[in-house]
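See below for the structure under consideration.
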Amino acid sequence: VQLQAFGGGLVQAGGSLRLSCTASGLTLSNYMMGWFRQAPGKEREFVACIKGNTYYADSVKGRFTISRDNARSTVFLQMNNIKDEDAAVYYCAAGRTIWSQRASASGYNYWGQGTLVTVSS
């Protein structure tokens, strides 16, 4: 199983980015797919997940949208109205976790390499 995340970069505060995560070696529709992020000096934190339904961290609700294209084995994270505090390395993850554990990193079995989002004010 391999997850490859890309799409990060330098963005101005208030701008938008679209992250993508391509999965190989698994059937995407069978997995909970999540995005997590880790800023320098901080713990890795949950951002959003999708398996049928979607779920978001309060800090990104209304600004970020997670979606998936099972045929292309790809998960997306559309990031709008980006804030300074969104700067981090973003990781995609896949897991056969149960819904109640959707925001816990321990519920995900496979992780991508991360893609860096840098925000300029």
Side-chain angles (χ1 to χ4, degrees):
V1 174
Q2 189 172 22
L3 302 178
Q4 290 187 306
F6 51 96
L10 176 64
V11 60
Q12 281 193 325
S16 297
L17 272 180
R18 189 195 198 202
L19 306 184
S20 300
C21 174
T22 301
S24 60
L26 56 79
T27 301
L28 202 71
S29 58
N30 293 339
Y31 286 79
M32 179 84 72
M33 298 300 297
W35 286 97
F36 290 74
R37 66 186 181 188
Q38 188 167 18
K42 294 189 176 181
E43 298 282 323
R44 187 170 299 191
E45 66 174 2
F46 170 80
V47 176
C49 67
I50 183 170
K51 190 180 189 310
N53 295 326
T54 58
Y55 180 70
Y56 298 92
D58 287 343
S59 59
V60 306
K61 200 173 296 182
R63 299 187 298 119
F64 291 10
T65 301
I66 187 171
S67 61
R68 63 197 293 164
D69 184 337
N70 291 333
R72 293 168 58 189
S73 293
T74 303
V75 179
F76 304 97
L77 185 69
Q78 178 66 44
M79 306 167 60
N80 296 331
N81 189 22
I82 291 173
K83 301 179 179 181
D84 291 345
E85 53 264 39
D86 294 323
V89 177
Y90 283 73
Y91 299 90
C92 62
R96 289 184 177 270
T97 187
I98 57 176
W99 187 246
S100 63
Q101 298 296 315
R102 60 195 180 276
S104 174
S106 63
Y108 293 80
N109 309 97
Y110 306 106
W111 292 82
Q113 82 286 5
T115 185
L116 177 65
V117 173
T118 304
V119 183
S120 64
S121 300

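Computed over heavy atoms, backbone and side chain alike; hydrogens, waters and symmetry mates excluded. Since we're looking at a predicted model, the values are computed, not measured.
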Practice task
Would you give the length of the straight line joining atom OH of Y31 to atom OG of S73, rounded to the nearest 0.5 angstrom?
Solution key: 11.5 Å
Fill in the blank from the handout: T74 and S20 have their tightest heavy-atom pair at CG2-CB, 4.3 Å
Fill in the blank from the handout: Closest heavy-atom pair, L28 versus A23, reported as atoms and distance to 0.1 Å, is CD1-CB, 3.8 Å
Exercise for the section: Show your reasoning for whether side chain to side chain contact (heavy atoms under 4.5 Å, CB included) applies to V75 and C92. Expected result: CA-CA 8 Å; V75 179; C92 62; 6.0 Å; no
Practice task
Please step through side chain to side chain contact (heavy atoms under 4.5 Å, CB included) for the pair F6 and T22, ending with a clear verdict.
Solution key: CA-CA 9 Å; F6 51 96; T22 301; 3.7 Å; yes
Practice task
Look at the side chain of Q38 and the backbone N and O of A88, then say whether any donor-acceptor pair between them is shorter than 3.5 Å.
Solution key: no
Exercise for the section: Find out if a path of hydrophobic residues (ILVMFWY) with successive side-chain heavy-atom gaps under 4.5 Å connects Y108 to L19. Expected result: no
Practice task
Establish whether L3 and I50 are linked, either directly or via other cluster members, by ILVMFWY side-chain heavy-atom contacts under 4.5 Å.
Solution key: yes
Practice task
Decide whether L116 and W111 are clustered together by the hydrophobic rule: side chain heavy atoms of Ile, Leu, Val, Met, Phe, Trp, Tyr closer than 4.5 Å, transitively.
Solution key: yes
Practice task
Using a 4.5 Å cut-off on heavy atoms from C-beta on, say whether the side chain of N109 contacts that of V1.
Solution key: no
Practice task
Could you tell me whether the side chain of T97 and the main chain of G95 form a donor-acceptor pair under 3.5 Å?
Solution key: no
Practice task
Let me see the working for M79 and W35 under side chain to side chain contact (heavy atoms under 4.5 Å, CB included), right down to the final yes or no.
Solution key: CA-CA 12 Å; M79 306 167 60; W35 286 97; over 6 Å; no
Completion exercise
Here the side-chain hydrogen bond (donor to acceptor under 3.5 Å, both in side chains) pairs for residues 83-93, sequence neighbours left out, are R37-D86, R37-Y90, R63-D86, D84-S121
Problem - V119 reachable from F64 in the ILVMFWY side-chain graph, under 4.5 Å edges - result: yes
Practice task
Drop me the distance from L26's CG to R96's CZ, to the nearest 0.5 angstrom.
Solution key: 8.5 Å
Problem - Minimum heavy-atom distance between L77 and A48, given as atom pair plus value - result: CD1-CB, 4.3 Å
Completion exercise
Closest non-hydrogen contact found for V117 with G8 is CG2-CA, 4.2 Å
Exercise for the section: Give the cluster check for V60 versus V11: same hydrophobic cluster or not, with ILVMFWY residues linked at side-chain heavy-atom distances below 4.5 Å. Expected result: yes
Handout entry: Any donor-acceptor N/O pair, R44 side chain to A105 backbone, under 3.5 Å
Key = no
Handout entry: Straight-line distance of R68 CZ to T54 OG1, nearest 0.5 Å
Key = 11.0 Å
Problem - Over all atoms of both residues, closest heavy-atom pair of M32 and C49 - result: SD-SG, 4.0 Å
Handout entry: E45 vs F36 side-chain heavy atoms within contact, under 4.5 Å
Key = no
Completion exercise
Looking only at heavy atoms, the pair that brings I82 and L17 closest together is CD1-N, 3.7 Å
Handout entry: Side-chain (Y56) to main-chain (I66) donor-acceptor, under 3.5 angstrom
Key = yes
